[in-house]
Amino acid sequence: MEKREFPATIQAHLVVLRKHQLEVAPTMFDYIEKDRERLRQFLPWVDFTKTLQDEINYLKMTHEKWAQFELFDYGIFDRDTDTYLGNVGVHSIAWNHERCELGYWILGDFEGKGFMSDAVRGLEKTCFEMGFNRVEIRCSSLNQRSASIPKRLGYRLEGVLSQDSIEMGRFRDTLIFGKTKSPVCPSQPA
Ligand SMILES: CC(C)(COP(=O)(O)OP(=O)(O)OC[C@H]1O[C@@H](n2cnc3c(N)ncnc32)[C@H](O)[C@@H]1OP(=O)(O)O)[C@@H](O)C(=O)NCCC(=O)NCCS
């Protein structure tokens, strides 16, 4: 498929996704500071985000990668209150193979309210509408909350990569969840 930009705004049911604005940096950094211990368990970049300037640099990097069709990272906002909740994004994009991966995090205060499932559902819908054939979600086997999202949204657990990464100083397995446009591979003999 041809490389092209994702929409800057995506409406889901409970949330709206917006391409990052630099203005969100102080709030985003404040959330990381507030929730550092929880977030760093599964997100390696948290330890490298030490100052507001690091956050600003991250947001600028997302704009560059957006323009290069490599990363489409969004802030998640409550549709009712417009409160910023966390991030969801499309990365590891293989345009030639019509495949991409989704990643996400939300502030602990907003966990367990269905916001992330809604955000992922909305972004996934956009991926398929844009022409992607396969969407992947990968997470640590120790991260049951994260694994619940693809399970809830009908992804198939397709594999486990044994001792794939070192997280918090110990090896962990990676779960790979996938969803395809059609459950049957078109080139597979019947
Ligand atoms: C992983 C993470 C994003 C999951 O977020 P979450 O808040 O649990 O996800 P949801 O918002 O979809 O919440 C689902 C829960 O809300 C409940 N819920 C409430 N209202 C709901 C609604 N309208 N729709 C769907 N679920 C709803 C569900 O029952 C579910 O509860 P359960 O966990 O007891 O089954 C979050 O835990 C997180 O940010 N963790 C730290 C960072 C991280 O690990 N990121 C992923 C790295 S791979």
Side-chain angles (χ1 to χ4, degrees), residues 10-18 20 24 27-50 54-55 58-59 61-62 65 71-93 99-127 134-179:
I10 297 173
Q11 297 282 349
H13 293 287
L14 302 174
V15 299
V16 55
L17 314 183
R18 287 197 206 112
H20 292 308
V24 82
T27 314
M28 201 180 281
F29 183 65
D30 184 46
Y31 282 14
I32 310 281
E33 284 284 82
K34 264 170 77 171
D35 228 356
R36 197 170 275 284
E37 270 315 304
R38 172 181 157 271
L39 293 171
R40 69 191 288 271
Q41 304 297 319
F42 299 112
L43 302 170
W45 50 262
V46 169
D47 284 352
F48 306 112
T49 311
K50 295 191 177 115
D54 291 336
E55 199 67 85
Y58 170 74
L59 291 173
M61 182 276 289
T62 68
K65 299 275 182 198
L71 170 71
F72 298 94
D73 208 39
Y74 293 87
I76 307 170
F77 296 82
D78 183 335
R79 267 185 84 153
D80 289 337
T81 61
D82 209 35
T83 308
Y84 167 66
L85 307 169
N87 289 0
V88 65
V90 184
H91 64 94
S92 304
I93 304 174
R99 155 167 58 79
C100 63
E101 189 180 329
L102 308 185
Y104 41 74
W105 66 269
I106 195 165
L107 186 72
D109 292 357
F110 307 121
E111 224 180 18
K113 301 181 196 311
F115 289 129
M116 192 54 83
S117 299
D118 188 54
V120 172
R121 196 185 289 110
L123 188 51
E124 170 206 299
K125 182 167 176 279
T126 301
C127 292
R134 171 181 170 81
V135 178
E136 267 184 24
I137 293 177
R138 295 181 177 221
C139 70
S140 160
S141 58
L142 304 174
N143 195 349
Q144 287 310 311
R145 276 210 93 94
S146 183
S148 298
I149 302 258
K151 285 182 193 163
R152 195 175 291 123
L153 299 182
Y155 285 66
R156 206 160 61 91
L157 177 61
E158 297 180 332
V160 180
L161 302 180
S162 299
Q163 302 177 36
D164 174 53
S165 300
I166 296 178
E167 204 167 57
M168 303 294 288
R170 57 185 177 168
F171 282 110
R172 54 87 158 164
D173 296 349
T174 296
L175 308 182
I176 304 179
F177 293 91
K179 194 190 263 193

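In each ligand, atom 1 is the first atom listed, and ligand 1 is the first ligand listed.
Within 4.0 Å of ligand 1, the residues that place a heavy atom are L14, R38, L39, F42, L43, Y104, W105, I106, E111, G112, K113, G114, F115, M116, S117, R138, C139, N143, R145, S146, I149, R152, listed by chain and number.
Judged as a ring pair (Phe, Tyr, Trp, His ring centres under 6.0 Å), and not counting sequence neighbours, Y104 has no contacts. The salt bridge (charged side-chain N to carboxylate O under 4.0 Å, His left out) test applied to D173 returns no partner, not counting sequence neighbours. A search for side chain to side chain donor-acceptor pair (under 3.5 Å) contacts involving D118 returns nothing, not counting sequence neighbours.
The pair E167-R170 does not meet the salt-bridge criterion, since no charged nitrogen lies less than 4.0 angstrom from a carboxylate oxygen. D164 has no carboxylate O lying under 4.0 Å from a charged side-chain N of R138, or vice versa, which leaves the two without a salt bridge.
At distances below 3.5 Å, not a single donor-acceptor pair connects side-chain atoms of Y58 with backbone N or O atoms of W45.
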